[in-house]
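Because the structure is a prediction, the values reported are computed rather than measured. For this chain, numbers begin at 1 and follow the sequence in order.
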Amino acid sequence: MSNTLQPREAGKFITEKSKDVFVEPEGIQKLADKLYEKIIRNEITLAGWKGLHELNPQSSGEDAVNWVFFADTLNFSFWSESEDEKYLVKYKGKEYSGYWSLCAAMNRALDEGIPLTAASYYSTVTMDQLKKILRSDSKFPIPMIEERLNILHQTGKVIMEKFGGSFLNVLKQSEKSAVKLMQLVVENFPSYRDEATFQGIKVAFYKRAQILVGDIWGVLEGKGDGCFSDIRQITMFADYRIPQALVHFGVMRYSENLLKKLNEGA
């Protein structure tokens, strides 16, 4: 990691060199003002993370921490080419898609008595078991099941061998530092290490690692082991919808050439 530009520095470097995506300071200020107003009106609160979605854990103990870690470890690739080809999961009378379909499948498995979020279980889970756990209620299975199985085995083995079988021990080693937690995750769990080379420089995104830190902060409501003194050092992350939202609010702007390609689906 020492020779890699970390997310903040990487974002600045890429922004300065980019030829097709531009950051608009005026748009940043306008969106910041909108968000600040919502915070002042208590429409956005840290305690609201649990109420953000009914599938999120409602407790703040070790089980909730391990739930978040399992979910974010598999939080990738839910994209579908059309609305008719989605991985869907029905849970308690509701149908979920995308990331929430994974959460619904997790909660369904836990309700069925499967100790899904225990590293001792998922470090050795079989393909047949995982397919049953993540089974779809549409005719389209969850994408990249082989990769998910390999990541669970790899991740579970590290948790068992280095952290006493629980992600809570990783969290405790962070000593209430969001940045240190991100670094621990990236250093110990290869699937979280999303890096690339841009104009000859190695840059880090750490999308899921930063989502994980944010989710841990949320599920613990910024208290106890989740009372991160440096949470402001965690950045916005590259997600499916976030770039669309930032363009909509005028925070980012695409070149005509890129916009044409996006509109044409190239």
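Counting only distance, with no hydrogens or angles, the side chain of N263 and the backbone of L259 share a donor-acceptor pair below 3.5 Å. Formation of a donor-acceptor pair under 3.5 Å by the S136 side chain with backbone atoms of K139 is not found in this model. Proximity of a side-chain donor or acceptor of R193 to a complementary backbone N or O of E187 within less than 3.5 Å is detected. At distances below 3.5 Å, at least one donor-acceptor pair connects side-chain atoms of D194 with backbone N or O atoms of Y206. Remark: side-chain polar atoms of R8 are not paired, donor with acceptor, to backbone N or O of T235 under 3.5 angstrom. Here the side chain of E221 pairs no donor or acceptor atom with the backbone of G218 at under 3.5 angstrom. The backbone N or O of Q173 lies less than 3.5 Å from a partner atom in the side chain of K180, making a donor-acceptor pair. Using a distance-only test at 3.5 Å, with no hydrogens or angles considered, a donor-acceptor pair links the side chain of N169 to the main chain of F163. In this structure, the side chain of S60 engages the main chain of V219 through a donor-acceptor pair within 3.5 Å. Between the side chain of Q210 and the backbone N or O of F205, at least one donor-acceptor pair lies under 3.5 Å.
Summarising the geometry of M182 relative to A209, their closest heavy-atom pair is CG-CB, 4.1 Å, with the distance given to 0.1 Å. Taking both residues in full, the closest heavy atoms of L220 and V65 are given as CD2-CG2, 4.0 Å, listed atom of the first, atom of the second, then distance. A pairwise comparison of heavy atoms in I216 and V68 identifies CD1-CG1, 3.8 Å as the closest pair. G250 approaches E24 most closely through the heavy-atom pair O-CB, 3.3 Å. The minimum heavy-atom distance between F228 and S174, with the atom names listed, is CE2-OG, 4.2 Å. Across P57 and A64, no two heavy atoms sit closer than the pair CB-CB, 3.9 Å.
Connection of L35 to M252 is established within a shared hydrophobic cluster, with ILVMFWY side chains joined at heavy-atom distances below 4.5 Å, either directly or through further cluster members. Cluster membership for L246 and V21, using ILVMFWY side-chain heavy atoms within less than 4.5 angstrom, is shared. Hydrophobic clustering of Ile, Leu, Val, Met, Phe, Trp and Tyr side chains at less than 4.5 Å, counting indirect connections, keeps I28 apart from Y36. By the rule that hydrophobic residues join a cluster once side-chain heavy atoms approach within less than 4.5 Å of another member, L171 and V179 end up as members of separate clusters.
With no hydrogens or angles considered, no side-chain donor-acceptor pair links W67 and N56 at under 3.5 Å. A donor-acceptor pair shorter than 3.5 Å cannot be found between the side chains of S59 and K50. Side-chain N/O atoms of Y192 and T73 include a donor and acceptor closer than 3.5 Å.
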### Task
Assess whether side chain to side chain contact (heavy atoms under 4.5 Å, CB included) is satisfied between S255 and F22, documenting all intermediate values.
CA-CA 8 Å; S255 68; F22 310 98; 4.2 Å; yes

### Message
Run the side chain to side chain donor-acceptor pair (under 3.5 Å) test on N188 and K162 for me, step by step, so that the C-alpha distance in whole Å, both residues' side-chain angles and the decisive distance to 0.1 Å come before the verdict.
### Response
CA-CA 9 Å; N188 288 283; K162 297 181 66 174; 2.4 Å; yes

### Full working for side chain to side chain donor-acceptor pair (under 3.5 Å) between Q29 and D33
CA-CA 6 Å; Q29 186 63 55; D33 289 342; 3.0 Å; yes

### Task
Determine, stepwise, if the pair L116 / M106 fulfils side chain to side chain contact (heavy atoms under 4.5 Å, CB included).
CA-CA 7 Å; L116 181 65; M106 288 174 57; 3.7 Å; yes

### Task
Would you check, one step at a time, whether the test side chain to side chain contact (heavy atoms under 4.5 Å, CB included) holds for F189 with I159?
CA-CA 9 Å; F189 306 104; I159 287 286; 3.6 Å; yes

### Task
Start with the C-alpha gap between Y121 and F70, add the side-chain angles, then the distance that decides, and say whether side chain to side chain contact (heavy atoms under 4.5 Å, CB included) holds.
CA-CA 11 Å; Y121 178 81; F70 185 96; over 6 Å; no

### Task
Apply side chain to side chain donor-acceptor pair (under 3.5 Å) to the pair D111 and Y91, showing each step before the final yes or no.
CA-CA 10 Å; D111 289 351; Y91 179 68; 2.6 Å; yes

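In this structure, K132 has no salt bridge (charged side-chain N to carboxylate O under 4.0 Å, His left out) partners at least two apart in sequence or on a different chain. Partners of E62 according to the side chain to side chain contact (heavy atoms under 4.5 Å, CB included) rule, which considers only residues two or more places apart in sequence or in another chain, are N66, S166, L168. When the ring-ring contact (aromatic ring centres under 6.0 Å, His included) test is applied to H53, the partners found at least two apart in sequence or on another chain are Y96, W100.
More than 12 heavy atoms of other residues, nucleotides or ligands sit less than 6.0 Å from atom CZ of F198. More than 12 heavy atoms of other residues, nucleotides or ligands sit less than 6.0 Å from atom CD of Q58. Residue E43 places its CD atom among more than 12 non-hydrogen atoms of other residues, nucleotides or ligands, all under 6.0 Å distant. Atom CZ of R232 has 12 or fewer heavy atoms from other residues, nucleotides or ligands within 6.0 Å.
Under the 30°/60° scheme for interplanar angles, the aromatic rings of Y99 and F78 are found to stand perpendicular.
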